[in-house]
Amino acid sequence: MSDEEEDDLILDELDDGELVLQMHDDLYDGMADEIAEGVNILLKRGWTPYDILTKALVEGMRIVGIDFRDGILFVPEVLLAAGAMKRGMEILKPLLVETGAPQLGKMVIGTVKGDIHDIGKNLVAMMMEGAGFEIIDLGINNPVEDYIGALKREKADILGMSALLTTTMPYMKTVIDTLKEQGIRDEYIVLVGGAPLNEEFGKSIGADAYCRDAAVAVETAKEFMARKHNQG
Amino acid sequence: MPTTLILACGALAREVLALIELNGWQHMELRCLPAELHLHPERIPDAVEAAVRAARGAYSRIFVAYADCGTGGRLADRCKTLGVEMIAGPHCYSFFEGNEAFAARGEVTSFYLTDFLARQFDAFVWKPMGLDNHPELRDLYFGNYEKLVYLAQTEDAGLTKAAREAAERLGLEFERRFTGYGDLQAAIRAYKV
Ligand code: B12
């Protein structure tokens with residue numbers, strides 16, 4: 001008998017509250033099989049896909065994010081946790097569409113030209129998706145044309161740029177300046193992030209906000225979208 | 001009596017010592033901060049400041065042998081406040097090759113090793129990235145890389161072999177470039193004067 005079957009039994013015996021807490025732990029430990037199992041159990045118990053996503057997965061990743069920020073977890077643990085969340089999301093994604101989960105807006109995101117760090121960018125993309133944003137992920141090493149092309153083509157609301165190198169951070173300004181030159185800067189909410197950046201840098205290049213981590217990115221994006229709708 | 005302190009990243013210890021020896025800079029002494037800091041650049045400015053303050057009484061001059069190292073300009077600001085000089089450039093890969101040459105190359109999909117990293121590949125790359133326990137993470141880290149470039153500070157067949165093996169383990173092409181000490185030598189020499 002495999003370990004997995006043993007875990008199945010235990011997971012299914014937990015009540016909903018305990019199971020969700022157990023899933024937070026499993027996510028923290030990067031246990032993708034257990035997360036998939038937990039998601040399926042909650043679905044069977046009649047939970048909506050949206051509730052499973054936000055209460056079990058997104059909340060679990062939020063805890064991982066806090067411990068990463070505080071230096072308790074490092075990059076590999078975050079990657080494993082993100083992998084587990086992804087497994088859960090793969091099950092939920094088609095169901096979310098069917099059940100009409102909230103759609104908050106559309107974001108184009110990518111790492112800037114010259115930089116191929118993408119772990120943080122991927123995490124932000126995943127958490128934004130989990131919060132109800134549609135994500136157009138341009139990947140790494142993006143020149144300004146790629147960002148602007150995608151923003152126009154996709155009629156996006158938000159532009160997200162990531163940079164982890166001191167040498168590539170300034171490229172964000174190039175992108176924002178090009179948006180200004182084309183007279184379309186104000187059509188988009190521009191969020192920037194990456195470990196070497198800070199609030200002051202975000203302001204100095206003309207971004208709408210610098211976001212320290214994925215949780216802040218989600219909150220910031222929600223706030224700006226709400227403001228946009230109020231104005232509209 | 002040494003009068004000048006070189007306060008360096010631990011990853012530069014051998015190189016700074018070699019330069020002191022090579023150039024006969026007898027008035028210089030080396031003190032290092034842990035090389036692990038390079039994985040947590042947000043901690044570097046405070047660590048440097050504490051070390052500078054602690055050493056101030058004992059030396060007439062202090063040189064910080066760090067480049068920016070991902071502090072986003074915060075180390076430079078701190079050094080300015082403290083009134084000490086540091087190395088120009090973004091990181092050691094750049095100043096070993098020479099900041100200008102490195103920038104001009106515009107290489108994007110290469111992963112660099114120095115002598116230090118070739119020697120300490122397991123302790124500073126493989127293990128902290130969790131590849132010892134989770135080799136399946138390899139693609140998430142290195143999926144977008146094509147080449148491992150070994151920037152060699154010295155002629156050392158053993159290190160070249162170690163770097164080549166690291167490239168194999170990461171599934172990357174291998175290239176060796178001899179850089180010598182690059183701008184590190186120039187920076188300390190300029191400071192010495
Ligand atoms: C993991 C890592 C790598 C991995 C990258 C794997 C990958 N696929 O991305 C590997 C080992 C391959 C690597 C390679 C290199 N790296 Co590296 N790397 C790191 C390290 C240790 C962690 C980065 C990371 O992934 N963190 C985890 C994520 C979750 O955090 P994050 O990226 O900060 O993202 C969060 C926030 O910043 C924010 N955020 C991020 N992006 C965005 C975007 C938006 C829109 C928003 C809203 C928010 C947001 O939310 C995220 C989630 O909470 C950092 C040091 C550090 N501690 O930051 C060095 C570091 C960034 N790397 C560095 C360097 C120098 C390199 C190399 C040149 C090294 C080499 N030997 O060749 C190459 C770069 C090649 C290139 N062209 O890009 C330096 C940069 C120095 C500098 N002056 O800029 C650092 C600082 C290390 C150092 N001190 O030397 N690296």
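Below, read A as the first sequence line, B as the second, and so on, with proteins coming before strands; counting in each chain starts at 1.
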* Give, as side chain, backbone, both or neither, the part of B/L131 having an atom under 4.5 angstrom from any heavy atom of chain A. => neither
* Structure fact -> Scored by heavy-atom pairs under 4.5 Å with chain A, the best of B/E42, B/R74, B/M129 is B/R74
* To do: Counting only heavy atoms closer than 4.5 Å, note whether A/N122 contacts chain B via side chain, backbone, both or neither.
  => neither
* Asked: What class does the angle between the rings of A/F74 and B/H40 fall in, given that below 30° is parallel, 30 to 60° is tilted and above 60° is perpendicular?
  -> tilted
* Select one option (side chain, backbone, both, neither) describing which atoms of A/L164 are under 4.5 Å from chain B's heavy atoms. => neither
* Asked: Using a distance-only test with no angle check, is there a side-chain donor-acceptor pair under 3.5 angstrom linking A/D177 and A/T174?
  -> no
* What part of B/L137 is in contact with chain A, defined as an atom under 4.5 angstrom from a non-hydrogen atom: side chain, backbone, both or neither? -> side chain
* Any side-chain donor near an acceptor of the partner, B/Q153 and B/T179, under 3.5 Å -> yes
* Which atoms of B/N144 approach chain A - backbone, side chain, both or neither, heavy atom under 4.5 Å -> both
* Asked: Any chance the side chains of B/E107 and B/Y112 put a donor and an acceptor closer than 3.5 Å?
  -> yes
* Asked: Do A/K203 and A/E200 pass the salt bridge (Lys or Arg N to Asp or Glu O under 4.0 Å) test, and can you show the C-alpha distance, the side-chain angles, and the key distance before you say yes or no?
  -> CA-CA 5 Å; A/K203 271 202 196 105; A/E200 204 186 323; over 6 Å; no
